[in-house]
Amino acid sequence: MGLGQNGAVRVEWIAAVSLAAGAAAVGYLAYKKFLSKDKCCKAMVNLHIQKDNPKVVHAFDMEDLGDKAVYCRCWRSKKFPLCDGSHTQHNDETGDNVGPLIIKRKEA
């Protein structure tokens, strides 16, 4: 009782499809790991501000702020840490929706 010619072709076909699916899965995983440029997960936010420091920190006294202060959150401002509106171009280029941090003194 042999498989016959039809059964042998079917087994070879299943083996070929299994091998192709495995190769496709390995190829896809390798592409995602090494070649994919995911903006959301691996992109650096701070491109040029105080790169020699391990962490960029700015502190201000509330009394020194005046009535209103507008701070950058996109890291593209030429007046960092103050906002200069650079987030508009950043948002247009990346599809992001970041805006400034606005601190206002409470009106009495």
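This chain uses plain numbering: 1 for the first residue, then up along the sequence. Since the structure is predicted, the reported quantities are computational estimates derived from the model, not experimental observations.
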(message) Run the ring-ring contact (aromatic ring centres under 6.0 Å, His included) test against H58 and tell me which residues pass, sequence neighbours left out.
(response)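 If we apply the ring-ring contact (aromatic ring centres under 6.0 Å, His included) test to H58, skipping adjacent residues, the hits are F80.
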(request) Taking all heavy atoms of S86 and all of S77, pick out the closest pair and write down the distance. (result) OG-CA, 3.7 Å
(request) Could you tell me which non-hydrogen atom of D84 sits nearest to which non-hydrogen atom of K78, and how far apart they are? (result)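 In terms of heavy atoms, the two residues are closest at OD2-N, 2.9 Å.
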(message) Would the distance check show the side chain of N91 and the main-chain N or O of V98 forming a donor-acceptor pair, the cut-off being under 3.5 Å?
(response)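 Confirmed, N91 side chain pairs with V98 backbone.
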(request) Using modelled atom types only, decide if a donor and an acceptor are shared between the side chain of K79 and the backbone of C72 within a distance under 3.5 Å. (result)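 Not confirmed, K79 side chain does not pair with C72 backbone.
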Evaluate whether atom [atom1] of [X] has more than 12 neighbouring non-hydrogen atoms of other residues, nucleotides or ligands under 6.0 angstrom away.
X: Y28; atom1: OH; value: no
X: K68; atom1: NZ; value: no
X: Q89; atom1: CD; value: no

(message) Could you check whether any side-chain heavy atom of L82 comes within less than 4.5 Å of a side-chain heavy atom of V70, counting everything from C-beta outward?
(response) no
(request) Using a 4.5 Å cut-off on heavy atoms from C-beta on, say whether the side chain of H87 contacts that of D96. (result) no
(request) With rounding to the nearest 0.5 Å, note down the distance linking CZ in R76 to CD1 in I49. (result)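 CD1 of I49 is found 8.5 Å from CZ of R76.
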(request) Decide whether I14 and V17 are clustered together by the hydrophobic rule: side chain heavy atoms of Ile, Leu, Val, Met, Phe, Trp, Tyr closer than 4.5 Å, transitively. (result) yes
(request) May I ask whether L101 and M62 are part of the same hydrophobic cluster, defined by side-chain heavy atoms of I, L, V, M, F, W, Y residues being less than 4.5 angstrom apart, directly or through others? (result) yes
